[in-house]
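All remarks here apply to the structure that follows.
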There are 2 protein chains.
Amino acid sequence: MRYGRRHLRRGYGMGHGWWQGRFRGCGYRITVPREEILSVLSNTSEHLSAEEIYMKVHKTYPGLGLTTVYRTLELLEEMGIVIRIDAGDGRARYELAEGPKGRRHHHHLICAKCGKVIDYTDFIEDEKELISKTESGLSKKYKFKILNHEITFYGLCDACK
Amino acid sequence: MRYGRRHLRRGYGMGHGWWQGRFRGCGYRITVPREEILSVLSNTSEHLSAEEIYMKVHKTYPGLGLTTVYRTLELLEEMGIVIRIDAGDGRARYELAEGPKGRRHHHHLICAKCGKVIDYTDFIEDEKELISKTESGLSKKYKFKILNHEITFYGLCDACK
DNA sequence: TTATTATTGAAAATCATTTTCATTATTGAA
DNA sequence: TTCAATAATGAAAATGATTTTCAATAATAA
């Protein structure tokens, strides 16, 4: 007897992501939707929106709901596994903060017209000194506990200019 | 006979903003809503959302519609008179790019909890070299025409930490 | 295997922003 | 000043991304 089940089951073949430990540690469950979403994020260098992630996962796992994508991304962002980028076009994009291979610290180049986001890792060395100096100065002066920084250049990409 | 008019008329007392020339130059009309919105933006050091601007203007000019605020802000952003800031809390905030007195180049410190935005002008000198170097390097490498940059620190403000 | 309860998906609800459209106000020309 | 052309406006409806609600389902510990 076959059963038309909407849901995959997790099994031996499923791989044991580097992130699973962190999930367990926080008391979160490891589920198929979460595995699928993280798999998509791990296998792209693009900056995907919630809907784009939904569509990609949907191909192999049609049971997925868009709601779950949003919920998962929110969770992943809270855990620092994922970074949300606001390209200013009304929908957020997401990228892995640090993957299994350890992504390098980088910043963004955003096209003001089409919203395309490019990572760049150039000049990070030169940046370090400025950032640490600025960070300690600001933290003192404005009584901010600084957690993160972001350098973004806006402009027009090759195709749009 | 009195008439309950919903609309103020522009008159001699209304002041001649530094921005009016730019409006005329672009073929845009100078209207009361635009004057009022720019007046609010000129008289605050806060980073206001469209709705906050609407509420402030509404006190002296109840005829104003929220739609007009959005439309005006869009126009002002296009003209480079206003800068939109995405604090990541789902609504954009706006600030004057450069006022009559000429605001200094600055960057932002954003509280990840309450969304508060603080301008800082510290370390701008140190920043210059890095930025110009980065800018020319990126522009060449990625064929981007760079128009603008943004440095933002995220953290917790004194009240939230 | 079972009980507990976190997670899920669908549908409805939100909420900021945009669009539509008829009305009104600004502007340049007469 | 008056007038005609049309840009700008406000109200209401539409949009679109994201969030909430709630009953059903699946992951986990015992």
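Within every chain, numbering begins at 1; the chains are lettered A, B, ... in the order of the sequence lines, protein sequences first and strands thereafter.
The residue A/Arg34 sits close only to the backbone: its heavy atoms come under 4.0 Å of sugar-phosphate atoms, none of a base. A/Arg91 comes within contact range of the sugar-phosphate backbone alone, with a heavy-atom separation under 4.0 Å but no base atom that close.
Distances shorter than 4.0 Å separate none of the side-chain N or O atoms of B/Tyr54 from OP1 or OP2 on D/dT9. A close approach under 4.0 Å does not occur between any side-chain nitrogen or oxygen of A/Thr67 and OP1 or OP2 of D/dT18. When the side-chain nitrogen and oxygen atoms of B/Tyr70 are compared with OP1 and OP2 of C/dT17, one or more of them lie within a distance under 4.0 Å. OP1 or OP2 of D/dT9 has at least one side-chain nitrogen or oxygen of B/Thr31 nearer than 4.0 Å.
Per the geometry, OH belonging to B/Tyr61 stands 13 Å off P belonging to C/dT24, to the nearest Å. Taking atom CG on B/Leu73 and atom C1' on C/dT18, their separation rounds to 13 Å, with Å as the unit. Atoms CG (B/Asp89) and P (C/dA16) sit 10 Å apart, rounded to a whole Å. B/Tyr28 places its OH atom 18 Å from the C1' atom of C/dA25, with the value rounded to the nearest Å. Look at CG on B/Asp86: it is 14 Å from P on C/dA16, rounded to the nearest Å. Rounded to whole angstrom, the span from the NE2 atom of A/His58 across to the C1' atom of C/dA10 amounts to 12 Å. Here the P atom of nucleotide D/dA27 and the CD atom of A/Glu36 are 12 Å apart, to the nearest Å. Separating the CZ atom of B/Arg71 from the C1' atom of D/dA12 is a distance of 12 Å, rounded to the nearest angstrom.
Pairing partner, C/dT24: D/dA7, with both Watson-Crick or wobble hydrogen-bond distances short of 3.5 Å. Base-pair partner of C/dT1: D/dA30 (Watson-Crick or G-U wobble, both distances under 3.5 Å). With a cut-off of 3.5 Å on both pairing distances, the Watson-Crick or G-U wobble partner of C/dA13 is D/dT18.
Where B/Arg93 and B/Arg29 meet DNA chain C, the nucleotide closest to each residue was compared, and B/Arg93 sits on the side nearer the 5' end. Toward the 5′ end of DNA chain C lies the nearest nucleotide of A/Leu75, the other residue of the pair B/Glu74 and A/Leu75 mapping further downstream. Comparing B/Leu66 and B/Gly27 by the nucleotide of DNA chain D whose heavy atom lies nearest to each, the residue mapping closer to the 5' end is B/Gly27.
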Take A/Asp119 and A/His47, measure what side-chain hydrogen bond (donor to acceptor under 3.5 Å, both in side chains) needs, and give me the verdict at the end. CA-CA 9 Å; A/Asp119 290 349; A/His47 302 76; 2.6 Å; yes
Start with the C-alpha distance between A/Ile151 and A/Ile131, add both sets of side-chain angles, then the distance that settles side-chain contact (heavy atoms from CB on, under 4.5 Å), and finish with yes or no. CA-CA 10 Å; A/Ile151 299 183; A/Ile131 292 299; 4.2 Å; yes
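Donor-acceptor pairing under 3.5 Å is recorded for the side chains of B/Glu95 and B/His108.
Annotation for A/Phe123 and B/Gly137: closest pair CZ-CA, 3.7 Å, computed over non-hydrogen atoms.
Note that NZ of A/Lys145 is 7.5 Å distant from CG of B/Leu156, once rounded to the nearest 0.5 Å.
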